[in-house]
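Each residue takes its place number in the sequence, starting with 1.
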Amino acid sequence: MLEAIGTANFKWKLQSAIDKEQANKNREVLIAELAKFAKPVDDTDGLQYIRGYYEYELRQKNFTVEKRDDAESVEYFYKVANGDVVLYTKQNDVSQNDKGLNTERAERARRNKALKAITKRAYQLRGNFVKEISNAVAKKKLTTIIEYNMSPMIWSFHSCPPDIEDYTDFIGENPIIKDAAKEDDIMAAFIKNKIAAEPEKSFLNVTWLMLDSEYENYYDWNEQYRCNKQLDLIYEFLEKLGYEISEEELALKNGTHELFAPVGGKEK
């Protein structure tokens with residue numbers, strides 16, 4: 001990671017290191033739980049794929065291990081490989097076609113989990129960049145912010161104004177509310193004070209929250225690359241504010257990332 005210091009990839013690699021540490025902790029907990037009812041294996045021939053716990057899923061802080069209600073009556077197995085943990089059970093008289101389908105489902109599940117996680121990380125990096133912009137910088141870039149605030153009207157993109165909870169969650173600040181009956185008035189006054197203190201920064205925050213979402217991505221239901229003009233516009237906006245796109249994000253953006261399913265179902 002040291003070689004990335006000072007480059008556009010540093011924040012991505014730093015977050016990757018944090019995520020990897022979290023994944024290692026979750027993997028230890030997962031294996032300990034699976035070992036209570038499943039046997040470790042290296043050879044999965046003749047076994048039925050049940051579900052995979054993939055590297056990107058294991059990086060989540062809220063990761064939990066679900067219990068198997070039939071663990072006492074069904075024989076389970078698990079395999080650890082390349083950071084992933086996959087759960088299996090016995091497979092009786094299964095055709096080669098079914099085996100192929102099981103492998104395909106497992107691969108699709110891996111891609112889906114990974115793409116969701118990497119998309120979420122990209123969204124978090126974009127949000128963190130916006131949070132770090134000062135009111136002074138936002139004031140200098142006000143024309144750019146106004147331009148992109150109006151982009152949904154210009155380009156007919158879908159946008160949804162953030163509510164107060166979205167805004168306070170984003171800035172990480174909430175007023176102390178002692179009287180629930182006055183909550184709406186207190187929240188409104190809090191937001192008005194933030195706007196008065198940092199008008200351009202507040203406008204930037206609202207613009208980004210209106211445009212961006214963790215659900216904006218570059219893949220379709222089949223985990224294949226698809227262009228996303230709204231997300232392209234978001235990156236264009238942020239880069240005009242000084243954002244440096246990482247190699248991972250660029251690979252997602254231009255469709256060259258290895259996680260995308262190959263068109264036609266065949267690996268390149």
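Pairing each heavy atom of T168 with each of M187, the nearest pair is CG2-CE, 3.9 Å. The two residues Y225 and G255 come nearest to each other via the heavy atoms CD1-CA, 3.3 Å. L209 and D166 get closest at one heavy-atom pair: CD1-O, 4.2 Å. The two atoms that bring F170 and K131 nearest to each other are O-CE, 3.0 Å, heavy atoms only. Contact detail for G83 and L58: the closest heavy-atom pair is O-CD1, 3.6 Å. Here the closest heavy-atom approach between residue R111 and residue P262 is recorded as NH2-CD, 3.5 Å.
Within the model, atoms CD of E216 and OH of Y235 stand 10.5 Å from one another, a figure rounded to the nearest 0.5 Å. Here the CG-CG distance, from D19 to N24, works out to 11.0 Å after rounding to the nearest 0.5 Å. Put simply, CD on E198 and CD1 on I171 are 9.0 Å apart, with the number rounded to the nearest 0.5 Å. Taking OG from S134 and NZ from K139, the interatomic distance works out to 11.5 Å, rounded to the nearest 0.5 Å. Expressed to the nearest 0.5 Å, how far CG of L233 lies from CG of L238 amounts to 9.5 Å. Taking CG of L34 as the reference point, atom CZ of R68 lies at 9.5 Å (rounded to 0.5 Å).
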(message) Working note: Y219 + L259, criterion side chain to side chain contact (heavy atoms under 4.5 Å, CB included); need CA distance, chi angles, decisive distance, verdict.
(response) CA-CA 10 Å; Y219 60 94; L259 286 175; over 6 Å; no
(message) Using salt bridge (Lys or Arg N to Asp or Glu O under 4.0 Å), reason through K25 and E28 one step at a time and then give a plain yes or no.
(response) CA-CA 5 Å; K25 292 179 181 178; E28 290 179 5; over 6 Å; no
(message) I'd like to know whether E173 forms a salt bridge (Lys or Arg N to Asp or Glu O under 4.0 Å) with K194, so could you lay out the CA-CA distance, the side-chain angles of the two residues, the decisive distance to 0.1 Å, and finally the verdict.
(response) CA-CA 10 Å; E173 296 179 35; K194 295 297 293 184; 3.2 Å; yes
(request) Take F203 and I146 through the side chain to side chain contact (heavy atoms under 4.5 Å, CB included) test and state the conclusion after the steps. (result) CA-CA 9 Å; F203 186 48; I146 293 172; 3.6 Å; yes
(request) Before giving the answer on side chain to side chain contact (heavy atoms under 4.5 Å, CB included), spell out for E248 and R121 the whole-Å C-alpha distance, their side-chain angles and the decisive distance to 0.1 Å. (result) CA-CA 10 Å; E248 290 271 5; R121 185 188 304 159; 5.8 Å; no
(message) Between Y243 and V130, is the side chain to side chain contact (heavy atoms under 4.5 Å, CB included) condition met? List the steps.
(response) CA-CA 9 Å; Y243 186 76; V130 173; over 6 Å; no
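Using a cutoff of 4.0 Å between basic side-chain nitrogens and carboxylate oxygens, E200 and K141 are not scored as salt-bridged. Contact check on D212 versus R126 returns a salt bridge, with a Lys/Arg side-chain nitrogen under 4.0 Å from an Asp/Glu carboxylate oxygen.
Checked against the 6.0 Å centroid criterion, the rings of F77 and Y88 do not qualify as a close aromatic pair. The ring of F237 has its center no closer than 6.0 angstrom to the ring center of W208.
Counting only heavy atoms from C-beta outward, the side chains of E239 and I245 approach each other to under 4.5 Å. Residues Y218 and R226 are not in side-chain contact: their nearest non-hydrogen atoms beyond the backbone lie 4.5 Å or more apart. Counting only heavy atoms from C-beta outward, the side chains of N222 and R108 approach each other to under 4.5 Å. No side-chain heavy atom of E214 sits under 4.5 Å from any side-chain heavy atom of T119. Put simply, the side chain of Y78 does not reach to within 4.5 Å of the side chain of V41, judged on heavy atoms. Between D70 and Y76 there is a side-chain heavy-atom pair separated by less than 4.5 Å. Under the 4.5 Å side-chain criterion, counting only non-hydrogen atoms from C-beta, P152 is in contact with M210. Residues F129 and L241 have side chains in contact (heavy-atom distance under 4.5 Å, counting atoms from C-beta outward).
Under a hydrophobic clustering in which Ile, Leu, Val, Met, Phe, Trp and Tyr are joined whenever their side-chain heavy atoms come within less than 4.5 Å, directly or via other members, I145 and W155 fall into the same cluster. Residues I118 and Y215 are members of separate hydrophobic clusters, defined by side-chain heavy-atom contacts under 4.5 angstrom among Ile, Leu, Val, Met, Phe, Trp and Tyr. Residues V29 and V80 fall into different hydrophobic clusters, defined by Ile, Leu, Val, Met, Phe, Trp and Tyr side chains chained together at heavy-atom separations under 4.5 Å.
Judged purely by atom type and a 3.5 angstrom limit, K201 uses its side chain to pair as donor or acceptor with the backbone of I133. One N or O on the side chain of S246 and one on the backbone of E249 form a donor-acceptor pair closer than 3.5 Å.
With a 6.0 Å radius and a threshold of 12 heavy atoms from other residues, nucleotides or ligands, E247 has its CD atom at or below the threshold. Annotation: E72, atom CD; neighbour count of heavy atoms from other residues, nucleotides and ligands within 6.0 Å does not exceed 12. The environment of CG in D42 is sparse: at most 12 heavy-atom neighbours from other residues, nucleotides or ligands sit within 6.0 Å. Applying the 6.0 Å contact sphere to CD of E21 captures no more than 12 heavy atoms from other residues, nucleotides or ligands.
Each of T207, T144, L211 was checked for a side-chain contact (heavy atoms from CB on, under 4.5 Å) with N149, and the lone residue meeting it is T207.
Using modelled atom types and a 3.5 Å distance limit, the side chains of K240 and Y148 yield a donor-acceptor pair.
Judged by a 6.0 Å distance limit and a 45° cone about the ring axis, R51 is not positioned over the six-membered ring of Y49.
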